[in-house]
Amino acid sequence: MRNHRKSLFFSLFAAVGAIALLFSSGFAPQLLKAENTQAYRCADITFGTGRNTSGTAITNSTSYFSTTNLAIASLSIDSVSSATKTSGSTNALKLGSSSTTDTGGVTFTFSTAIRLLAINVQADPISSTHSGKVLTVSTEADSTGIGRALTYSGSAFSSYSFSGFVSTTASNWFKLSLPKGAIFYISKVVFRIAEDVSTSSSSALSSLTSSESYSSSGGGTPLNVYAIEQTGKYGDCTLFKYGNYEILFDFGNTSSQAQLAEALNTYVTDHVLELVVLTHPHTDHYGGVYGYTTSAGEGGTLKDGGITGITRLVDNGADGYSAASYSSYWVNGVRSYWVGKGTSYTPIETIVSGHMYDASWVLADQLSIQWLDTSSYPTPGAAGPTDANDGSVACDVKFGTYDFVMCGDLPIAPEETLKTNYASHLFIDSGDTVVFKACHHCSSTSNSAVFLEFIHPTYGFTESGIIDTNEATTGPSTEQHPYKDARQRIETYTGVDHFWWVGTCGTLVMEIPSDCSSFSIHGLGRKYGNYYYNGALVDPDSEKDTPLESTKWAASGY
């Protein structure tokens, strides 16, 4: 049956350029200020994502959680509550009691009084269905608290968030409370904290309402996805943009550094990437991030693209991979630089280990990511598989009813392992529309019929450049990525009118409106590659909106 773990993640935070990701604990502190509003900072308390089955009773100790951009002096548990967590583990806080006579509650005291503009609680109800105010947040400034009805969500870990918490006075504490007989797992609490704790600036809060988003985007914001045109052989680089929330997958090849810098300067207008994913250690995926203008040890092409901060970074953890350039330019270069600047780094195996089915992060409003376990990820710090493609990071980027299946250069065997692993825990909900980035640049040794039948894509696209030998005036002379047999397997589901290639279209721009009512795709026209048909140069703009099978490239037999 279909997976019904879609998060009820109603939000609180708008225009946040570097907000912490769900289930993560770190990001570089920043002061943020929306127009006509109080300057504020974001902070969080993180417990963990795993359910706590054998934890110990919490005492007045800060060892049970971590904080970012916030200081907690102490915590206290109601005498009638049962609160457990294994100290130092990744388990969530188990709060409450199964007793119908006991209530539950935990109070956190701040080291200094702060003014809370908004509080977001991510929690999972595990007791029977309740109605009315179930999990309640209160502060010294608002002792009554706010709350919403929560419904039992089954065995899957899910998120819930409060909305509408604006205070004009400072608080020394906040409290999470439960009614009799309720039990919750608390994974994280995220705060918006006013830089000015005085009571005199309440008028500046007029635009901070309960309908605000816990994200750097506002309501009605579309999702834009950019598949960046590549120069020469292979190459992969995809940018997701939701308001001011951006995810970058891979960096393209060494010949495409200019494209990466241009895309970042054009689309990442707040200069912060919230999530960066390097799928695996092949230079056609990380080569674009070094060797342009700024050295790898100083931030690489990301700096050339105007990036000043990265919130979270994920790669496949193959630090011992034999390629010297990977160690030099990525592990000890670009990655090391940004981690030193405050970026939170996590290898994929750490994310999915023990969490094959619930490794899901809610990112911003209706944008989330489901990390997928291929059973082929390297042990963090090890060399990884002989063929680095086997260890490619796989995931499903979800936006409302759309799923972008992104699996790097995953070959057939681990593709089919994904089907085996998720056959009884499907990560794509019934009725969703699947957009598939072809694996391994639409290689014959990827994109298996078994995997495609499993995900059933509606739309597909692929990334690779036109190789030099195929730019001859005589026209294409050799087949290259994207290969015909792989295209045909994908087009069994998408149809020939729903599959595109950056080689003919140029950078592809995909857009889904906030209500997910449509999907549009068009190209910007080729800027970096040319090819000929019947001795004539194919106009770079003539095929920018043309599906691959309708192009002169396909008519050439390739």
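Nothing here was measured: the structure is a model prediction, and the numbers come from that model.
- In this structure, Asp44 and Phe191 have side chains that are not in contact, with every pair of non-hydrogen atoms separated by 4.5 Å or more.
- Checked against a 6.0 Å centroid threshold, the rings of Tyr531 and Trp553 count as neighbours.
- Side chains of Asp236 and Gln230: no donor on one and acceptor on the other come within 3.5 Å.
- Side-chain rings of Phe251 and Trp330 approach one another, their centers coming within less than 6.0 Å.
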Check against side chain to side chain contact (heavy atoms under 4.5 Å, CB included), Arg312 and Thr346:
CA-CA 8 Å; Arg312 193 69 186 259; Thr346 314; 2.3 Å; yes
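- A pairwise comparison of heavy atoms in Ile466 and Gly503 identifies CD1-O, 3.4 Å as the closest pair.
- Within the 4.5 Å cutoff, the side chain of Phe461 has heavy atoms near those of the Glu463 side chain.
- Under a 4.0 Å N-O distance rule, the pair Glu229/Lys544 does not qualify as a salt bridge.
- Across all their heavy atoms, Ser444 and Asp485 have their closest contact at OG-OD1, 2.7 Å.
- Stacking of Arg487 on the aromatic ring of Phe499 is not recorded, the 6.0 Å distance cut-off and the 45° axial limit not both being met.
- For the pair Thr417 (side chain) and Ala413 (backbone), a donor-acceptor distance under 3.5 Å is present.
- For Tyr286 and Tyr329, the distance between ring centers is not under 6.0 angstrom.
- Panel note: side chain Asn447, backbone Ser443; a donor-acceptor pair is recorded below 3.5 Å.
- Between Val277 and Leu275 there is a side-chain heavy-atom pair separated by less than 4.5 Å.
- Side-chain contact, Asp315 with Tyr345: a donor N or O sits under 3.5 Å from an acceptor N or O.
- Rounded to the nearest 0.5 angstrom, Thr254 OG1 and Tyr290 OH are separated by 6.0 Å.
- Between Phe240 and Phe249, the gap from one ring centroid to the other is short of 6.0 Å.
- His282 and Asp409 share no side-chain donor-acceptor pair at under 3.5 Å.
- Separation of atoms OG (Ser375) and CD (Glu349) is listed at 8.5 Å; rounding is to 0.5 Å.
- Between the side chain of Ser353 and the backbone N or O of Thr350 there is no donor-acceptor pair closer than 3.5 Å.
- In this structure, Ser256 contributes its side chain and Gly252 its backbone to no donor-acceptor pair below 3.5 Å.
- Between atom OG1 of residue Thr231 and atom CZ of residue Arg526 there is a gap of 12.0 Å, rounded to the nearest 0.5 Å.
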Taking it one step at a time, do Asp432 and Thr401 satisfy side-chain hydrogen bond (donor to acceptor under 3.5 Å, both in side chains)?
CA-CA 5 Å; Asp432 279 8; Thr401 57; 5.1 Å; no
Please evaluate residues Val225 and Leu239 with respect to the criterion side chain to side chain contact (heavy atoms under 4.5 Å, CB included), reporting the C-alpha separation (whole Å), side-chain torsions for both, the decisive distance (0.1 Å), and the verdict.
CA-CA 6 Å; Val225 182; Leu239 178 68; over 6 Å; no
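- Nearest heavy-atom pair across Asn253 and Gly235 is ND2-CA, 3.8 Å.
- Proximity of the aromatic rings of Phe404 and Phe399 is defined here by a centroid distance below 6.0 angstrom, and this criterion is not met.
- The aromatic ring centres of Tyr64 and Phe47 sit 6.0 Å or more apart.
- A donor-acceptor contact shorter than 3.5 Å links the side chain of Thr343 to the backbone of Ile310.
- Proximity of a side-chain donor or acceptor of Ser446 to a complementary backbone N or O of Cys442 within less than 3.5 Å is not detected.
- Between Trp361 and Trp371, the ring-plane angle classifies as perpendicular under the 30° and 60° cut-offs.
- Panel note: side chain Asn421, backbone Asp373; a donor-acceptor pair is recorded below 3.5 Å.
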Asp319/Arg335 under salt bridge (Lys or Arg N to Asp or Glu O under 4.0 Å): CA gap, chis, key distance, verdict:
CA-CA 11 Å; Asp319 292 1; Arg335 191 182 78 188; 2.9 Å; yes
Check the pair Asp284 / Lys233 against salt bridge (Lys or Arg N to Asp or Glu O under 4.0 Å), numbers first and verdict last.
CA-CA 8 Å; Asp284 60 316; Lys233 196 173 184 179; over 6 Å; no
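- Under the 6.0 Å cut-off for aromatic ring centres, His285 and His441 qualify, their centroids lying closer than that.
- Between Gly306 and Asn265, the shortest heavy-atom contact is N-OD1, 3.6 Å.
- With values rounded to the nearest 0.5 angstrom, Glu246 atom CD is found 4.0 Å from Lys241 atom NZ.
- The side-chain heavy atoms of Ile307 and Val272, taken from C-beta on, include no pair separated by under 4.5 Å.
- A donor-acceptor pair shorter than 3.5 Å cannot be found between the side chains of Arg489 and Ser448.
- Asp304 contributes a side-chain N or O that, together with a main-chain N or O of Thr294, makes up a donor-acceptor pair within less than 3.5 Å.
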Worked verdict on Asp250 versus Leu278 for side chain to side chain contact (heavy atoms under 4.5 Å, CB included)
CA-CA 5 Å; Asp250 293 328; Leu278 174 59; 3.3 Å; yes
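- The six-membered or imidazole ring of Tyr483 lies near that of His481, with a centre-to-centre distance under 6.0 Å.
- How far CD1 of Ile412 is from CG of Asp390: 11.5 Å, rounded to the nearest 0.5 Å.
- Looking only at side-chain heavy atoms (C-beta outward), Thr269 and Asn244 come within less than 4.5 Å of each other.
- Side-chain contact between Val352 and Leu372 is absent, with no heavy atoms from C-beta onward closer than 4.5 Å.
- The distance from the CZ atom of Phe519 to the CG atom of Leu223 is 9.5 Å, given to the nearest 0.5 Å.
- Glu479 CD: more than 12 foreign heavy atoms inside a 6.0 Å radius.
- Screening Ile72, Thr46, Ile186 for a side chain to side chain contact (heavy atoms under 4.5 Å, CB included) with Phe65, the sole residue that qualifies is Ile72.
- Taking the six-membered ring where tryptophan is involved, the planes of Phe454 and Phe451 are tilted, since the angle between them lies from 30° to 60°.
- For the pair Gln257 (side chain) and Thr301 (backbone), a donor-acceptor distance under 3.5 Å is absent.
- Lys94 places none of its side-chain heavy atoms less than 4.5 Å from the side chain of Asn91.
- In this structure, the side chains of Cys407 and Ser392 stay at 4.5 Å or more apart for every pair of heavy atoms.
- Minimum interatomic distance between Glu415 and Leu410 (heavy atoms only, all atoms of both residues): OE2-O, 3.5 Å.
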Given Tyr459 and Phe436, is the ring pair (Phe, Tyr, Trp, His ring centres under 6.0 Å) satisfied, shown in steps?
CA-CA 6 Å; Tyr459 303 101; Phe436 177 52; over 10 Å; no
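- Of all the heavy atoms in Met356 and Gln370, the pair that sits closest is O-NE2, 4.2 Å.
- A donor-acceptor contact shorter than 3.5 Å links the side chain of Trp338 to the backbone of Gly299.
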